Amino acid sequence: MIRMYVYNGLPYDVLQLFVEMLVSGRHSPDNFTYPFVIKACGELSLLSLGVTIHGRTFMSGFDSNTFVQNSLLAMYMNCGEKEAARRVFDAMQERSVVSWNTMISGYFRNGCAEEALMVFRWMMDVGVEPDCATVVSVLPACGYLMDLDLGRVVCGLVEEKGLGNKIAVRNSLVDMYAKCSRVEEARVVFDKMDERNVVTWTTMINGYILNGDARNALMLCRLMHFEGVRPNSVTVISLLSACASLHFLSHGRCLHGWAIRGNLESDVIVETALIDMYAKCNYVDLSFRVFSKTSKKRTAPWNAILSGCIHNGLPREAIELFKEMLMEAIDPDGATLNSLLPAYAIIADLQQGTNIHGYLIKSGFLSRIDVATGLIDIYSKSGSLDSAHKIFNGIPKKAKDIVSWSTIIAGYGMHGHGKAAVSLFNQMDISYVFL
DNA sequence: ATAGGGTTAG
């Protein structure tokens, strides 16, 4: 019964049934029950319940069962508790390949790519035989860290051990090469595949875009269409960004059509990408048309329309939209402000600049270096070099970066204070220049 | 019977 709920994706019902089982007291859970229940806790990110059940497995002696331990590893990793997972892993007497794979993918998903590679190397050192899941867990970490050498080692393992039969394994190889800036090698793997799915095509298309080759990305789009593979929302988003960077309006409109036919256009991320594409093609009216149909409960489409207004020389509209956004109680984020602040720098109105300064203090966004830099630019373009310098001085010394220095120096320069600009330039840590 | 496994915007 519990298994049926797991297979049908009903983790909450799994837990309910487990509680009923405990309350009735007629049956006690065993080493087959616990993995299902622990998995349900992980899926729902119910850490405290997971810890309680971990305690129960300990009391009943099932915590030495490898299946139970592996499900605990996965549960802790799903809840972001990598230290707890590591403690379970370290205490394990017997580790299966699943234990190692869970640690590798768990570390990577929790933002610890280095640890993921460390576990993989450790696994190889102790002579554990890798499988398909090992490969698809370790390759994203290689790509993220651009560790091409290790990526090639894994590629060698795939050939040597014959792990390349699954499409997912080849897909992750394509992605790894593309992320390591080896788009030609990615293409070699791609061309050698005798079976490809929508993820394969999307990964290769995205690989070209990542490497600044939007034209080849769009070329591949034709081939994909020709082979009868239907794009999903990820594919459409990648292709829209290619159209945006090339200002290919007609191709972008065609993709908009694909999105509508594929029922993808109500996906917020797709809507956001459409708004962005139309704006970058300088058709912000079309961006507004898409924006008017979005749910407006999410931050992303607002950010896209704000930056679209700036791109199309509409700073006042951007400011109005931001006010509307606050009225609708949508939470702005760092990206919202990075899109908005240039609007104030363009209109160069000191009063309005002071108003937004107040908002940045109240909201706490001023502690972000990029936001503070945006405000320096607003003040210097509005003619208040004093205020600009005060903001600049407010940034801790070691947090100052090349952008904040350039902004304040440009401020002095544009007001004809050449000497002050040069003096500031000389105060700047010269190592920035070479970064 | 039970555990792990690919691509995602601003």
Side-chain angles (χ1 to χ4, degrees), chain A residues 1-4 6-7 29-39 42 62 65-75 77-78 85 88-89 92 95-106 108-109 119 130-140 143 163 166-176 178-179 186 196-207 209-210 231-241 244 264 267-277 279-280 298-308 310-311 332-340:
Chain A
M1 192 65 181
I2 288 182
R3 188 181 51 196
M4 186 207 77
V6 172
Y7 286 160
D30 64 7
N31 54 319
F32 291 107
T33 324
Y34 280 118
F36 290 126
V37 177
I38 293 167
K39 185 187 163 83
F62 289 114
N65 175 286
T66 309
F67 283 83
V68 173
Q69 289 169 324
N70 286 342
S71 56
L72 285 169
L73 290 179
M75 183 273 292
M77 283 301 194
N78 264 336
V88 174
F89 184 77
M92 287 174 78
R95 298 181 184 121
S96 67
V97 64
V98 176
S99 324
W100 293 93
N101 296 347
T102 308
M103 290 303 285
I104 294 170
S105 71
F108 181 67
R109 279 185 291 118
V119 173
D131 66 5
C132 299
T134 316
V135 173
V136 295
S137 302
V138 74
L139 284 175
L163 302 171
K166 294 204 174 170
I167 296 185
V169 170
R170 298 274 170 206
N171 288 350
S172 56
L173 280 171
V174 171
D175 187 53
M176 181 276 294
K179 294 230 163 78
R196 303 183 190 105
N197 60 17
V198 62
V199 179
T200 319
W201 287 95
T202 307
T203 307
M204 194 64 234
I205 286 169
N206 213 34
I209 295 170
L210 238 43
N232 64 17
S233 56
V234 182
T235 326
V236 170
I237 292 159
S238 298
L239 288 167
L240 284 171
S241 81
L264 308 168
D267 181 330
V268 204
I269 307 179
V270 173
E271 286 172 333
T272 304
L274 281 167
I275 294 168
D276 186 58
M277 181 275 296
K280 291 213 172 106
R298 298 273 294 267
T299 308
W302 289 90
N303 291 354
I305 195 76
L306 278 176
S307 76
I310 302 299
H311 185 90
D333 59 17
T336 315
L337 291 152
N338 283 328
S339 302
L340 173 74

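All chains are named by letter (A, B, ...) in the order of the sequence lines, taking the proteins before the strands, and each is independently numbered beginning at 1. These figures come from a predicted structure and were not determined experimentally.
Taking atom CE on A:M75 and atom P on B:dT2, their separation rounds to 20 Å, with Å as the unit. Remark: P of B:dT7 and CE of A:M176 are 14 Å apart, rounded to the nearest angstrom. Rounded to a whole Å, the CH2 atom of A:W100 is 16 Å from the C1' atom of B:dA3. A straight line from CG of A:L139 to P of B:dG4 spans 20 Å, rounded to a whole angstrom. Between the NE2 atom of A:H311 and the C1' atom of B:dG10 there is a distance of 14 Å, rounded to whole Å. In this structure, the CG atom of A:D276 is 17 Å from the P atom of B:dT8, given to the nearest Å. Taking atom CG on A:L337 and atom P on B:dG10, their separation rounds to 17 Å, with Å as the unit. Protein atom CZ of A:F89 is 19 Å distant from nucleotide atom P of B:dA3, rounded to whole Å.
Set against B:dG4, B:dT2, B:dG10, the side chain of A:A300 has B:dG10 as its closest nucleotide. The side chain of A:V234 lies closest to B:dT7, out of B:dT7, B:dG10, B:dG4. Comparing B:dT7, B:dT2, B:dG4 against the side chain of A:N206 picks out B:dT7 as the nearest. Set against B:dG4, B:dT7, B:dG10, the side chain of A:N232 has B:dT7 as its closest nucleotide. In this structure, of B:dT8, B:dA1, B:dG10, it is B:dG10 that holds the atom nearest to the side chain of A:S307. Taking every side-chain heavy atom of A:S339 into account, B:dG10 is the closest of B:dG4, B:dT7, B:dG10. Taking every side-chain heavy atom of A:A133 into account, B:dG5 is the closest of B:dG10, B:dA3, B:dG5. Comparing B:dG4, B:dG10, B:dT8 by their closest approach to the side chain of A:A74 singles out B:dG4. Side-chain proximity of A:K39 to the nucleotides B:dG10, B:dA3, B:dG5 is greatest for B:dA3. Distances were taken from every side-chain heavy atom of A:R109 (C-beta onward) to each of B:dG10, B:dT7, B:dG5; the shortest belongs to B:dG5.
Base engagement by A:T202 is indicated by at least one non-hydrogen atom pair under 4.0 Å involving a base atom. Counting non-hydrogen atoms under 4.0 angstrom, A:I269 reaches a base of the nucleic acid. Counting non-hydrogen atoms under 4.0 angstrom, A:V136 reaches the backbone sugars and phosphates but no base. Using a 4.0 Å heavy-atom distance criterion, A:I275 is classed as making no nucleic acid contact. Using a 4.0 Å heavy-atom criterion, one finds that A:S241 contacts no nucleic acid atom at all. Note on A:N31: a base of the nucleic acid sits closer than 4.0 angstrom, heavy atoms only. Across all strands, A:N197 comes closer than 4.0 Å to base atoms (heavy-atom distances). Within the nucleic acid shown, A:D30 has no heavy atom closer than 4.0 Å to any nucleic acid atom.
Applying the 5.5 angstrom centroid cut-off and the 30 degree plane-angle cut-off, the aromatic ring of A:F67 is stacked upon the base of B:dT2.
For A:S339 and A:N303, the side-chain atoms include no donor-acceptor pair closer than 3.5 Å. Side-chain N/O atoms of A:S172 and A:D175 include no donor and acceptor closer than 3.5 Å.
Look at A:R298 and you won't find any side-chain N or O under 4.0 angstrom from OP1 or OP2 of B:dG10.
Under the rule for a salt bridge (Lys or Arg N to Asp or Glu O under 4.0 Å), A:R109 has no partner lying at least two apart in sequence or in another chain.
Closest of all the heavy-atom pairs between A:C132 and A:L163 is SG-O, 3.9 Å. Heavy atoms only, all atoms of each residue included: A:T202 and A:S238 are closest at CG2-OG, 4.4 Å. Closest non-hydrogen pair, A:A85 versus A:L73, comes out as O-CD2, 3.2 Å.
To the nearest 0.5 Å, the span separating CE on A:M103 from CE on A:M77 amounts to 4.0 Å.
Between the side chain of A:D131 and the base of B:dG4, at least one donor-acceptor pair of N or O atoms lies under 3.5 Å.
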